[in-house]
Amino acid sequence: MAELVTAGKVKYLGLSEASPATIRRAHEVHPITALQTEYSLWERHVEQEILPTVRELGIGFVPYSPLGRGFLTGTITKPSDLGSKDSRSTRMPRFAGDNLEKNQAIVDRVREIAERKGIKPGQLALAWVLSKGSDIVPIPGTKRRKYLEENAVAATIHLSNAEVAELEAAVAQQGVAGERYAEPAMKAIDR
């Protein structure tokens with residue numbers, strides 16, 4: 001990839017789902033511009049080692065699924081909300097069986113805090129991600145303009161330190177039920 005940059009065919013290099021060791025090795029070969037990894041209120045594994053590594057190296061962080069794959073918006077309340085062809089119900093244990101019901105307590109708390117602020121749960125979840133640093137640029141996926149516009153409002157929402165702590169405590173107190181991916185997919189992630 002570094003040769004492609006030198007040849008002018010690629011301008012910047014980024015990584016996805018890389019471990020701190022992989023990030024460092026790649027950055028030694030050619031400067032890495034951004035790292036894309038899942039990060040949201042209910043998926044915070046990057047905080048321990050990955051975020052400190054990219055910050056040390058001056059690499060931007062691009063969290064995908066900042067809305068918890070749509071779950072933190074409060075629109076998914078039961079398995080039938082996903083549909084039979086939705087991969088979340090088959091490949092992601094957090095959306096399957098009892099886990100979906102257990103994780104609903106997290107969404108309920110996010111919804112309560114959002115209502116108190118007069119915003120939507122998804123906006124609150126995005127505002128939380130944005131509150132974690134100016135070097136973080138989340139990419140919430142959406143298929144509809146309505147949700148794109150709702151998501152954009154999150155950039156204007158200020159969360160106090162107390163609100164950030166309240167959100168984090170709500171998730172920590174409940175705990176997230178289920179892994180991000182089913183076991184075969186988790187093996188493919190560079191930890």
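Just so it is clear, the values below take in all heavy atoms, side chains as well, and ignore hydrogens, waters and symmetry mates.
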> Taking atom CD of Glu112 as the centre, does the number of heavy atoms from other residues, nucleotides or ligands within less than 6.0 Å exceed 12?
Replying inline: yes
> Please walk me through it: do Lys9 and Glu3 pass salt bridge (charged side-chain N to carboxylate O under 4.0 Å, His left out)?
Replying inline: CA-CA 9 Å; Lys9 295 181 179 186; Glu3 292 171 8; over 6 Å; no
>> Among Asn103, Ile106, Leu72, exactly one meets side-chain contact (heavy atoms from CB on, under 4.5 Å) together with Val171. Which residue is that?
In response: Ile106
> Do Arg111 side-chain atoms and Gly74 backbone N/O form a donor-acceptor pair below 3.5 Å?
Replying inline: yes
> How far apart are the closest heavy atoms of Val164 and Ser131, and which atoms are they?
Replying inline: CG2-OG, 3.7 Å
>> Hydrophobic clusters here meaning ILVMFWY residues chained together by side-chain heavy-atom distances under 4.5 Å, can you tell me if Tyr64 and Ile23 are in one?
In response: yes
>> Does Lys120 form a side-chain contact (heavy atoms from CB on, under 4.5 Å) with Val153? I'd like the steps, not just the answer.
In response: CA-CA 10 Å; Lys120 296 185 179 295; Val153 171; over 6 Å; no
> Do you know which two heavy atoms are closest between Thr37 and Glu17, and how far apart they sit?
Replying inline: OG1-N, 3.5 Å
>> Pair Ile157, Leu124 - check side-chain contact (heavy atoms from CB on, under 4.5 Å), show working.
In response: CA-CA 8 Å; Ile157 297 169; Leu124 180 63; 5.6 Å; no
>> On a heavy-atom basis, which atom in Pro63 and which in Ile136 lie closest, and how many Å separate them?
In response: CG-CG2, 3.4 Å
> Do side-chain atoms of Gln123 reach the backbone of Glu150 as a donor and acceptor pair under 3.5 angstrom?
Replying inline: yes
> Is there side-chain contact between Val46 and Phe61, with heavy atoms separated by less than 4.5 Å?
Replying inline: yes
> Residues two or more places apart in sequence or in another chain: which of them pass side-chain contact (heavy atoms from CB on, under 4.5 Å) with Lys143?
Replying inline: none
> Checking side-chain contact (heavy atoms from CB on, under 4.5 Å) for the pair Leu159/Leu167: CA distance, chi angles, key distance, verdict?
Replying inline: CA-CA 10 Å; Leu159 298 180; Leu167 282 164; 4.2 Å; yes
> Ion pair present between Glu56 and Arg24, side-chain N to carboxylate O less than 4.0 angstrom?
Replying inline: yes
> Is Glu47 atom CD crowded by more than 12 heavy atoms from other residues, nucleotides or ligands, each under 6.0 Å away?
Replying inline: yes
>> Determine whether a donor-acceptor pair (N or O, by modelled atom type, separation under 3.5 Å) exists between the side chain of Arg94 and the backbone of Trp42.
In response: yes
>> If I compare all heavy atoms of Glu38 with all of His45, which pair ends up nearest, and what's the gap?
In response: O-CE1, 3.5 Å
> Nearest heavy-atom pair of Glu163 and His158: which atoms, and what distance?
Replying inline: OE1-O, 3.8 Å
>> Within this structure, what is the CG-OG1 distance for the pair Leu67 and Thr142, rounded to the nearest 0.5 Å?
In response: 8.5 Å
> Quick one: CG on Leu41 to CG on Leu126, what's the gap to the nearest 0.5 Å?
Replying inline: 10.0 Å
>> Is there a continuous path of hydrophobic side-chain contacts, each under 4.5 Å between heavy atoms, that joins Val129 to Val62?
In response: yes
> Charged N to carboxylate O below 4.0 Å: is that the case for Glu168 and Lys132?
Replying inline: yes
>> Nearest 0.5 angstrom please: Ile113 CD1 to Trp128 CH2, how far?
In response: 12.5 Å
> Any sub-3.5 Å donor-acceptor pair from Asn151's side-chain atoms to Pro140's backbone N or O?
Replying inline: no
>> Check for me, please, whether Leu13 and Val54 land in the same ILVMFWY cluster - side-chain distances under 4.5 Å, paths through other members count.
In response: yes
>> Please say yes or no: joined through hydrophobic side-chain contacts below 4.5 Å, possibly via intermediate residues, are Tyr39 and Leu57 part of one cluster?
In response: yes
> What about Leu51 and Leu35, same hydrophobic cluster or not, with Ile/Leu/Val/Met/Phe/Trp/Tyr joined at side-chain heavy-atom distances under 4.5 Å?
Replying inline: yes
>> Check this for me, if you would: do Arg25 and Glu28 make a salt bridge, where the nitrogen-to-carboxylate-oxygen distance has to be below 4.0 angstrom?
In response: no
> Taking all atoms of both residues into account, what is the closest heavy-atom pair of Thr22 and Ala18, and its distance?
Replying inline: CG2-CB, 4.0 Å
> Tell me, which pairs form a salt bridge (charged side-chain N to carboxylate O under 4.0 Å, His left out) where one or both residues lie in residues 152-161, sequence neighbours left out?
Replying inline: none
